Amino acid sequence: MFKLSKKLQELPPYLFLEIDKAKRKARAQGRDIIDLGIGDPDQPTPKHIIEALNRAALEPANHRYALDQGMPLLRRAIEGWYRRRFKVKLDPDSEILPLIGSKEGIAHFPLAFLNPGDYSLVPDPCYPPYKGGTILAGGKPYIMPLLEKNAFLPDLKSIPLSARKKAKIIFVNYPNNPTSAIARDSFYKELISFAHKNKIIIISDLAYSEICYDGYKPKSLLEFKGAGDVAVEFHSLSKTYNMTGWRVGWACGNKKLISALAKVKSNVDSGIFSAVQLAAAAALNGPQEHLEHMCSLYRQRRDVLVRGLNSLGWLAFNPKATFYVWIKVPQGRDSIKFSGELLEKANIVVTPGVGFGKYGEGYIRMALTVDKDRIREALDRLRKYG
Ligand SMILES: *Cc1c(COP(=O)(O)O)cnc(C)c1O
């Protein structure tokens, strides 16, 4: 009787729900499942952040509607963190906007700039909200394939003039989910000049800026000359402070772009719970030691997993950042079928690459969010089942 809107019908099916269903069914059958599928930190939020939440939650003043633009105290904390981390100066009043998780802001941003039929330039494979947000805004995702031969960076030169003319936004995400690729300086410089030349807004998703290894430290796009005129960067406390469930992140960068996103948001939400904002400020202002510990934990797991897979003859890319390992499906098989077989035969959950877009076909993603012993157990099972 009720017909879904055209936009909703256009959205790609959310493959991850299917995987979740299969996983739950297997667990209900009492099988011992090793879940390498989800990108959700297994370590708890650092204690001083939880304590800040507890204190703030007891304060009645924090129970009321929060300000749409976020508390000044949080925006100042973000400003300080950004300056210390990237040596980039931001105006906390006009160039920073706290978000209910960065996914929220990323998905809403296209509403501010797309008219029906406009394009977003979207990498493929990618984090799904780039496509979803574009479609919900009435726009069309124009696919930029991320290919192994280009180190999983989009080939900007190959984007035809006709697409550049219709494009209002380009999404980039380095360190990258799902491929774990990183961006070279030369790529960011080329991207900024591409954006200026074609009058396209850059959305840089920097959710994994702090999850890095072997001495590599990701840069902010805003460190590069000319980025401040054309770019917004999205950050999240989710991966950096193990706060995925708390829902807090931010956008920062060009003030016209920030105020446009704020206008969209003022029509759809009423701010972030003040106690969560105060806890987020405590996270950004407080000790950062947990990061070293976390990255060392992920690195140890990475070493076990990548070495193990390579010794089985699989091709696994060794990540310098993010907590994902991107792996070629042996013999180039169908990634959904292959993931299904891993679940059925070895009780291992992985994410099929095609879930992130058609250029993810031929790959699977494993997350480093389970402990070393379970990773070793997973490798034993893979050895056993061939
Ligand atoms: C996890 C993740 C985010 C963070 O999302 P939140 O909504 O802040 O939890 C953003 N982008 C990518 C690519 C991610 O993997």
Side-chain angles (χ1 to χ4, degrees), residues 14-16 19 36-43 45 49 70 74 78 81 96-110 120 122-134 136 141 144 146 152-154 169-183 202-212 218 220-221 231-253 261 265 268-269 271-273 276-277 279-280 283-284 294 298 319 321-326 351 353 355-357 359-360 365-369:
Y14 206 62
L15 183 73
F16 304 124
I19 298 167
L36 303 174
I38 41 169
D40 193 343
D42 60 316
Q43 298 297 302
T45 307
I49 303 172
L74 174 58
I78 293 168
W81 186 89
I96 294 174
L97 182 66
L99 301 168
I100 310 173
S102 63
K103 182 180 189 178
E104 176 263 301
I106 290 167
H108 280 140
F109 189 87
S120 289
V122 177
D124 183 318
C126 76
Y127 183 55
Y130 310 153
K131 286 180 191 160
T134 297
L136 288 174
M144 304 183 290
L146 301 187
F152 301 107
L153 294 161
I169 298 171
I170 180 168
F171 288 94
V172 295
N173 164 222
Y174 294 98
N176 183 256
N177 175 14
T179 68
S180 77
I182 56 178
I202 306 173
I203 300 282
S204 162
D205 179 354
L206 205 54
Y208 295 95
S209 66
E210 307 313 304
I211 312 296
C212 48
S220 160
L221 178 69
V232 180
E233 197 155 73
F234 285 81
H235 286 261
S236 171
L237 279 82
S238 290
K239 317 292 162 52
T240 307
Y241 300 99
N242 301 331
M243 289 171 71
T244 49
W246 296 53
R247 312 313 304 132
V248 58
W250 74 86
C252 59
L261 177 58
K265 279 173 58 60
V268 291
D269 72 63
I272 309 161
F273 180 27
V276 168
Q277 297 195 50
L284 296 165
M294 247 168 45
Y298 292 138
T322 78
F323 46 54
Y324 304 112
V325 178
W326 191 236
T351 311
F356 302 99
Y359 290 93
R365 190 193 73 179
M366 292 187 186
L368 300 168
T369 47

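Atoms within each ligand, like the ligands themselves, are counted from 1 in listed order. Remember, it's a predicted structure, so these values are computed and weren't measured experimentally.
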Any idea which part of Tyr208 is under 4.0 Å from ligand 1, heavy-atom wise: side chain, backbone, both or neither?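 The part of Tyr208 near ligand 1 is the side chain, not the backbone.
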Heavy atoms only, cut-off 4.0 Å: how does Glu104 contact ligand 1, side chain, backbone, both, or neither?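 For Glu104, there is no contact with ligand 1 at all, from either part.
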Treating Thr45 as the side-chain partner and Asn242 as the backbone partner, does any N or O pair qualify as donor plus acceptor under 3.5 Å?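 Judged by distance alone, yes, a pair lies under 3.5 Å.
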Should you measure from each heavy atom of [X], which atoms of ligand 1 turn up under 4.0 Å away?
X	value
Gly101	7 (O), 8 (O)
Arg247	6 (P), 7 (O), 9 (O)
Ser236	4 (C), 6 (P), 8 (O), 9 (O)
Asn173	13 (C)

Quick one: do the Tyr324 and Asn176 side chains pair a donor with an acceptor below 3.5 Å?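 Side-chain D/A pair, Tyr324 to Asn176: absent.
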Between Phe323 and Tyr208, does the ring centre distance come in under 6.0 Å?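 Under 6.0 Å, so yes.
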Could you tell me the residue and atom name of the protein heavy atom closest to atom 13 (C) of ligand 1, and the distance to it rounded to 0.1 Å?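 It is Asp205 OD2, 3.3 Å.
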Considering only the protein, which heavy-atom contact is closest to atom 2 (C) of ligand 1, and what is its distance?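 It is Lys239 NZ, 2.5 Å.
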Answer yes when Glu104 and Arg247 have at least one side-chain N-carboxylate O distance shorter than 4.0 Å, and no when they do not.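 Here Glu104 does not pair with Arg247 in a salt bridge, since their nearest N and O are not under 4.0 Å apart.
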So, are Lys239 and Asp40 salt-bridged, with charged N and O less than 4.0 Å apart?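 No.
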Among Val248, Val276, Ile272, the one residue meeting side chain to side chain contact (heavy atoms under 4.5 Å, CB included) with Pro98: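 Option passing the side chain to side chain contact (heavy atoms under 4.5 Å, CB included) with Pro98: Ile272.
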Has Ser102 got any heavy atom lying under 4.0 angstrom from an atom of ligand 1?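 It does; at least one heavy atom falls under 4.0 Å.
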To which of Pro41, Gly39, Ser238, Gly249 does the heavy atom nearest atom 9 (O) of ligand 1 belong?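 Minimum heavy-atom distance to atom 9 (O) of ligand 1 goes to Ser238.
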Working for side chain to side chain contact (heavy atoms under 4.5 Å, CB included), residues Glu233 and Ser204: CA-CA 5 Å; Glu233 197 155 73; Ser204 162; 3.0 Å; yes
